[in-house]
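All of these numbers come straight from a predicted model, not from anything done at the bench. Just so we're on the same page: letters track the sequence lines, and every chain starts at 1.
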2 protein chains.
Amino acid sequence: MTDETGPRATTARRVGIADVAARAGVSVGTVSKALNGSGRLRDETRARVRAAADELGFTPISVARNLLAGRTFTVGVITTDSYGRFGIPVMRGAEDSLAAGEMIAFLCDGRDDPIREQHHLGKLLERRVDGIIVAGRRTDPRRPIGADLPVPVVYAFAPSSDPADCSVVSDERGAAQLAVEHLVKTGRRRIAHITGPQSHASANERAAGLAEALAAHDLEPVDEPYFGSWTEAWGRFAAAQLLRTHDDVDGVFCGNDVIARGVTDGLREAGISLPTQIGVVGVDNWGLVAEAARPPLTTVDLGLEEIGRRSAELLLDAINGHAQPGVHVVPGHLVVRES
Amino acid sequence: MTDETGPRATTARRVGIADVAARAGVSVGTVSKALNGSGRLRDETRARVRAAADELGFTPISVARNLLAGRTFTVGVITTDSYGRFGIPVMRGAEDSLAAGEMIAFLCDGRDDPIREQHHLGKLLERRVDGIIVAGRRTDPRRPIGADLPVPVVYAFAPSSDPADCSVVSDERGAAQLAVEHLVKTGRRRIAHITGPQSHASANERAAGLAEALAAHDLEPVDEPYFGSWTEAWGRFAAAQLLRTHDDVDGVFCGNDVIARGVTDGLREAGISLPTQIGVVGVDNWGLVAEAARPPLTTVDLGLEEIGRRSAELLLDAINGHAQPGVHVVPGHLVVRES
DNA sequence: TTGAAAGCGCTAACAA
DNA sequence: TTGTTAGCGCTTTCAA
């Protein structure tokens, strides 16, 4: 009955609901009600309990509460790209939305290794996460992480190859449209395309989007798309190549910012004045790259954070029984700089 | 008494230890022992229980086990830089070590906002994490995240300003030494320094390390360190400036890779041939930047992943009662490319 | 308005 | 060798 917090009651001492009950002179049930605002209690009692809880520095062990609730208010985020360029903003966004739902994320790095991924999946399930977000690094569809999982899954950025799954992706074609609109608006008519490897869905989608957009503006593409790699070196090389064969080019839509940066360097070093003679637009809005380019890049932001946010929202919906399967497309937006 | 898993027993049905017990015809206690390898059981029983568990697809709810164990086997990772350049490798490393201890990390993005940070701290404590890693983005000491916390804390990259805390940091002076050694070894004698803002500890430490290392080699520094910003533009500008006043320079140690990239561009554009006339060394080994530079950068890798790993190890030690307070320095290493 | 008691799913004594 | 029982810290009926 007596308070046992002796002289050694350091801050490290964990105080439980029972301690608060003893201190406030009520039962544990009452403490629970008082602190959660449930049940009907006298205001005075509620206040007394609150005071006791504060004095003791009581914070409820959510794990115990969750055990009872049958859920954990946690979700697992499995990234495939070691939190690289794409995973990070997605995670940021996801964390944002999750926090709004009083949830928190477990972090798992799949490193593009299916074994690791399955291992993590097992660990997450064991911990009874309420749901899982699988964040990819390429826009190519990926095989589902598992079949008939006991919790909902949302695929972010890299969609699941199963259309019945819930995926959130960027608007690849829309990105090309935004780029073309900007180029056209700034007076460009002869637009070329320098991009990544043809084996990447995003390179293909963006190229296709470009073709559509050019057609919509009654423009002929300048040459076939230059497929290569997502590197500056390729951008520089392709830019030189392009100039050699098409001296009337006045706009280049690049598959990503890294290539765009290479392109600006290649063009500049070939004596072209930017953006006067040729306008360049990239994709990604990767601050570091876009801002360091000369001139700083105009580029399409794919809205990665928004993808993360949306993924988390859809996951929360699914957890609450309102699953929205299918592919959800998040629009991007143009970021105008000087190129 | 009868099995209630009716026709609707879909995969989503959660099976508990009781279900396994019923299936195997033993008590729950026996199931627990069988599955955990504790107690003494007949092999036959153990096998039967295992079989039953497998058939039912049983995975124990770790949360229940942890409630009893009084710990959660989770740690919180609070980053201050939105998982940017520095936080990410640290997290990767931490996850590595944690997984080895059957732990998993909660991810919290502090965004350099003390309010957010405290909020996350509260959430983590509420969930009874066993420990916390605070991953910084600058090497400047930071104020402790809290006093007398009920769980151990390890500061990664950005040390705590309280020397009694446990911090894991990079070897800033050592980085300068590695750079100088390499430059000297490749025949450079007139070495200049272009770096970031003097308000950053890392800029100062690296400059100091450079001075020491030069002295150790009986070399005079070329001019005072050029303090500026961590940008390519500054690197380009400073390089031009440097050439104007010191035409005998044959080596430049740069405060980081971004600056180094600017420096290489600036030197090259001034007609200097690299690395023939001037050798350049950066710090960070940031793949994207170092590899895209012309020529690719020789740079010092600060061992961020190792910092993450070490932090997690020290945290696990502390959780197990073997705290090792103080500042732990992780050595870096030179990555030789062409510059 | 409050207290007592049952129970979330598991583990660990202690009995049998 | 196995079963029974008492909790881990909390929420939630149901009584009082």
Looking at [Y], is its backbone amide N or carbonyl O close enough to the side chain of [X] to form a donor-acceptor pair, meaning the two atoms are under 3.5 Å apart?
X: B/D113; Y: B/I115; value: yes
X: A/R48; Y: A/A24; value: yes
X: B/Q118; Y: B/I145; value: yes

Using atom [atom1] of [X] as one end and atom [atom2] of [N] as the other, report the distance to the nearest whole Å.
X: A/L67; N: D/dC10; atom1: CG; atom2: P; value: 12 Å
X: A/L35; N: D/dT12; atom1: CG; atom2: C1'; value: 15 Å
X: B/D19; N: C/dC8; atom1: CG; atom2: C1'; value: 14 Å
X: B/N66; N: D/dC10; atom1: CG; atom2: C1'; value: 16 Å
X: A/R46; N: C/dT2; atom1: CZ; atom2: C1'; value: 12 Å
X: B/R127; N: D/dC10; atom1: CZ; atom2: P; value: 15 Å

>> Can you see whether B/Y155 has B/R142 sitting over its ring - NZ or CZ less than 6.0 Å from the centre and within 45° of the normal?
In response: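 Not flagged: B/R142 not positioned over aromatic ring of B/Y155.
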
>> I need a per-nucleotide contact map over nucleotides 10-16 of chain C, read 5' to 3'. Cutoff is protein heavy atoms under 4.0 Å; write B for the base, S for backbone only, - otherwise.
In response: BBBB---

>> Please classify the nucleic acid contact of A/R42 as base, sugar-phosphate, or nothing, using heavy-atom distances under 4.0 Å.
In response: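 Contact class for A/R42: sugar-phosphate only.
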
> What is the nucleic acid contact for B/V63, judged by heavy atoms within less than 4.0 Å: base, sugar-phosphate only, or nothing?
Replying inline: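 Contact class for B/V63: none.
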
>> With a 6.0 Å cut-off (strictly less than), is the heavy-atom count around CZ of B/R143, excluding the residue itself, greater than 12?
In response: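 Enclosed.
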
> Of A/P325, A/S167, A/P144, which is the lone residue that meets side-chain contact (heavy atoms from CB on, under 4.5 Å) with A/D162?
Replying inline: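 In the set A/P325, A/S167, A/P144, the residue that makes a side-chain contact (heavy atoms from CB on, under 4.5 Å) with A/D162 is A/P144.
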
